[in-house]
K.L.:
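Before I ask anything, here is the structure I am working with.
Note that the coordinates shown come from a computational prediction; the quantities given were computed from them, not determined experimentally. We count residues from 1, following the sequence as given.
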Amino acid sequence: MKRFKTPAQIAKDINKTIKPALAYFKPPEKLYVDEWADKYRVLSPESSAEPGPWRTTRTPYLQEPMRAFNDPKVHTITMVAGSQIGKSELQLNIIGYIIDQDPGSIMYIQPNLEAARKFSRQRVAPMVRDSKKLNKKVHNTKSRDSGNTILQKTFPGGILTICGSESAAALCSTPARYVIGDERDRWAVSAGNEGDPWSLAQARQTTFYNRKSVEVSTPTVKGASNIETAFLLGTQERWCHKCPHCGEYTNIVFDHVRFDYTTRVVKGKEFFDIDVLGFACPHCGAITSEHDIRNQPAKWIAENPDAYETGRRSFWLNAFSSPWTPWEKIIRKFLEARKDPEKLKVVFNTLLGELWEDRGDLADEDEMLERREEYNSDYLPEGVLALTCGVDVQDNRLEYEIVGFGMFGETWGIKKGYIMGRPDSPQVWSRLDDAINHVYYLKNGRGLKVTITCVDSGGHFTQDVYEQCRLRMNRCVFPIKGKGGEGIPFVGKPNKVFIKGDKKRFVWLYSLGVDAGKSIIMDNLRVQEPGAKYCHFPKNEDRNYDLNFFNGLLSEKLTLSKTKSGNRWCWEKLPGHRANEALDCRNYALAAFRIWDPDLDAIHKRLLEPPTKKVKVVHKAKKRVTKNRLLEGGDW
């Protein structure tokens, strides 16, 4: 007799067969990016100061940008942040979330191909290796037929393509639902001849209704920053802390931090003892310690909340909120860089998280006039160790400036002069001899002369300049040829140039990258305190450092210009300024110092020795040889 299964037995059979099948089709758990990172992300030891499980509570300011990625209404996220704040981890968390939770094609863009390879090896590969959820889905690049390379990672439902901003082929070849751009302000201006890399990448998303773009960068120069432009199009959110005294929320910036410091100088190097007082609330004026303000409630506050309706959210963050950067470190970096504009620019961008204004902080003519000093009419200013001269040649005159150089790039304007007359007149050059052969005395009785003179040869009197420089070669008077443009070194190697085709008569011609020299001069003019790189100017009337001089010295500005081959930086004349001869003369004098490249420590040691009288012995035969060599020319 056939026995039928009881209902209990039938249910048991269903549990054994159907339920496992249903479990296979179980939809994945729905998590926000930050929740996924807290549950599955592991920080790798080679790329993190705190390896181990990810904790969003360690960087609470990243939670909102990560959640914005899950908001169906938001399609573009912009993050402006300094270094070592966690912006790379934001991108890695998003990449990990996409691979595991919401797969699709990802295009990840670095400034160049080398940076792309480095990011893949040092950040993506360790994340995949140490996070089990990702390790199961992204195969090892070394496994056979894995479909993965350094720049491409395949996973179920998508592919991660990592490329450089200069690669037009990579940016134009693959449709991508997700586009993530790192260090946007350091990208190539154009991907080959195809145009803006970010626009090319976003064009790959056209067919995706659920596309997402994430744009991240440290800020750079105001007015030329792509990330600044993107931030202004979004909600413009700042991370603000609550003042425990008045309850107002404020974005902490450098101007709100109060500190005292003392300076110690050891062997010419400055050391700082810093006492951080705390955060001064701009609303009530109360000061709160760094420890207390860090523990206060904080939140993102938008200045342009209406941009949310357009699908754009943007965030701006500086190092004062970073758990890894004590305020004392930020202040110390600022103090160490305050006299060097190039170093200060790095501090502004990477720590203060602020844009650098390329000329906005440069003084005008009136301020420079007020900055002048009264020199002793009998002696060189203390600190001058070397003298050079720069000469600009015009059709009706020579203009020159004699500049004194000291330790650590400190300079002194010594004499600005004008010699009227055509440059093909020997009398004009004789008067220049008087200027460069003049002895300038130090207080201890030692004297200095101009060691090297650079003369512009690019005008209408090129051959005359060559000939006059040849006659003065033994006094190190050299012609120069200026060339503008980015990437040209300030001082190039000299070339032998024959005068009017005569191979017995030649000079050494130096090529100058004048744009590089102008950048150095303008950066030095920004330094506000005497010391390294500071520029001194005399108030003495006979030295000619008047309004006309400063009008010419400050006559040009570095601007970003659009050309057919892309954007480029160039120097442009400012409206209302006279000719730029003063700037050119200072440029040539600085080039002369770079050509000389003296050992200032050795010079300083010699100048400290008391002068001794020497008996001058004249040997007629030797004098005749010297004269012949002077007439024939020779190597210097």
Side-chain angles (χ1 to χ4, degrees), residues 265-270 339-342 371-391 400-417 432-455 472 474-478 480 490-491 510 512 517 520-521 523-540 543-545 553 585-614 636:
V265 180
V266 180
K267 293 184 179 181
K269 183 172 178 59
E270 289 184 324
K339 296 181 181 180
D340 187 331
E342 284 302 311
R371 184 164 131 177
R372 294 178 302 168
E373 313 160 24
E374 193 70 41
Y375 287 5
N376 187 311
S377 58
D378 298 323
Y379 305 114
L380 284 171
E382 185 176 352
V384 175
L385 301 176
L387 298 175
T388 67
C389 181
V391 182
Y400 69 89
E401 186 187 11
I402 296 173
V403 180
F405 292 84
M407 303 296 287
F408 311 113
E410 193 169 9
T411 60
W412 287 261
I414 302 299
K415 173 73 174 178
K416 181 70 170 69
L432 180 64
D433 291 337
D434 295 338
I436 62 179
N437 291 333
H438 182 81
V439 179
Y440 295 86
Y441 288 97
L442 305 173
K443 285 186 178 180
N444 67 355
R446 288 277 181 181
L448 291 178
K449 286 184 179 180
V450 170
T451 303
I452 293 186
T453 301
C454 283
V455 185
R472 293 161 177 79
N474 66 329
R475 281 174 273 175
C476 299
V477 178
F478 298 108
I480 60 93
F490 183 26
V491 177
Y510 282 88
L512 304 186
I520 295 170
I521 293 168
D523 285 343
N524 292 350
L525 288 173
R526 289 190 180 90
V527 179
Q528 297 297 313
E529 298 180 19
K533 299 185 182 296
Y534 185 79
C535 300
H536 300 262
F537 298 100
K539 194 180 287 186
N540 311 53
R543 296 179 187 250
N544 295 319
Y545 288 85
L553 185 67
C585 289
R586 176 59 66 113
N587 209 354
Y588 305 154
L590 178 61
F593 182 76
R594 293 292 180 91
I595 293 170
W596 179 12
D597 191 22
D599 184 342
L600 292 180
D601 288 317
I603 293 175
H604 184 241
K605 186 176 180 180
R606 287 198 301 269
L607 291 177
L608 290 177
E609 298 174 358
T612 56
K613 290 186 177 181
K614 294 184 179 180
W636 174 75

K.L.:
Between atom CG of L608 and atom CG of N444, what is the distance when rounded to the nearest 0.5 Å?
P.N.:
7.5 Å
K.L.:
Salt-bridged, D523 to K533, with N to O below 4.0 Å?
P.N.:
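Salt bridge between D523 and K533, a charged N being under 4.0 Å from a carboxylate O: no.
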K.L.:
Check whether any side-chain heavy atom of L525 lies under 4.5 Å from a side-chain heavy atom of R586, and answer yes or no.
P.N.:
no
K.L.:
Would you mind reporting whether L590 and V403 have side-chain heavy atoms less than 4.5 Å apart?
P.N.:
no
K.L.:
State whether a side-chain donor-acceptor pair under 3.5 Å links E373 with Y545.
P.N.:
no
K.L.:
Can you tell me how far the CD1 atom of I414 sits from the CZ atom of F537, to the nearest 0.5 Å?
P.N.:
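That separation rounds to 11.0 Å.
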K.L.:
Could you walk me through whether V477 and I436 pass the side chain to side chain contact (heavy atoms under 4.5 Å, CB included) check?
P.N.:
CA-CA 10 Å; V477 178; I436 62 179; 3.9 Å; yes
K.L.:
State, to 0.1 Å, how close K539 and R372 come at their nearest heavy-atom pair, and which atoms those are.
P.N.:
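K539 and R372 have their closest heavy atoms at CE-O, 3.7 Å.
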K.L.:
Would you say that L448 contacts V439 through its side chain, given a criterion of any heavy-atom pair below 4.5 Å between the two side chains?
P.N.:
no
K.L.:
Could you tell me whether the side chain of M407 reaches within less than 4.5 Å of the side chain of D601, counting heavy atoms only?
P.N.:
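Answer yes - side chains close enough.
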K.L.:
Give the C-alpha distance, both sets of side-chain angles, the deciding distance and a yes or no for side chain to side chain contact (heavy atoms under 4.5 Å, CB included) between L380 and W412.
P.N.:
CA-CA 9 Å; L380 284 171; W412 287 261; over 6 Å; no
K.L.:
Which distance, rounded to the nearest 0.5 Å, do you find between the OH of Y534 and the CG of N524?
P.N.:
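Going from OH on Y534 over to CG on N524, the span is 12.0 Å.
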K.L.:
With under 30° as parallel and over 60° as perpendicular, where do the rings of F593 and F405 fit, or are they tilted in between?
P.N.:
parallel
K.L.:
Is a side-chain donor or acceptor of T388 paired with a backbone partner of I452 at a separation under 3.5 angstrom?
P.N.:
no
K.L.:
Tell me if the CD atom of E382 is crowded by more than 12 foreign heavy atoms within 6.0 Å.
P.N.:
no
K.L.:
Distance from L432 atom CG to C389 atom SG, nearest 0.5 Å?
P.N.:
6.0 Å
K.L.:
Whether the side chain of R371 engages the backbone of C535 through a donor-acceptor N/O pair (distance < 3.5 Å, no angle test) should be reported.
P.N.:
yes
K.L.:
Does R543 offer a backbone N or O that forms a donor-acceptor pair with the side chain of N540 under 3.5 Å?
P.N.:
no
K.L.:
Look up atom OG1 in T453 and atom CD1 in I480, then write down how far apart they are to the nearest 0.5 Å.
P.N.:
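The CD1 atom of I480 is 12.0 Å from OG1 of T453, to the nearest 0.5 Å.
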K.L.:
Assess the residue pair E410 and V384 against the criterion (side chain to side chain contact (heavy atoms under 4.5 Å, CB included)); give the C-alpha distance rounded to whole Å, side-chain angles, the decisive distance to 0.1 Å, and a yes or no.
P.N.:
CA-CA 9 Å; E410 193 169 9; V384 175; over 6 Å; no
K.L.:
Hey, does the side chain of Y375 reach the backbone of G413 with a donor-acceptor pair shorter than 3.5 angstrom?
P.N.:
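The answer is yes, because a donor-acceptor pair under 3.5 Å joins these two groups.
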K.L.:
Ignoring hydrogens and geometry, is there a side-chain-to-backbone donor-acceptor pair from E401 to K416 under 3.5 Å?
P.N.:
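Here the side-chain-to-backbone pair does not exist.
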K.L.:
With side chains defined as the heavy atoms from C-beta onward, is the minimum distance between L387 and K449 less than 4.5 Å?
P.N.:
no
K.L.:
With rounding to the nearest 0.5 Å, note down the distance linking CG in L385 to CZ in R606.
P.N.:
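Atom-to-atom, L385:CG and R606:CZ are 10.5 Å apart.
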K.L.:
Please find the pair of heavy atoms, one from C454 and one from A591, that lie closest to each other, and give the distance.
P.N.:
SG-C, 4.5 Å
K.L.:
What heavy-atom pair brings P598 and I603 nearest, and what distance separates the two atoms?
P.N.:
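Closest pair (atom of P598, atom of I603, distance): CB-CD1, 3.8 Å.
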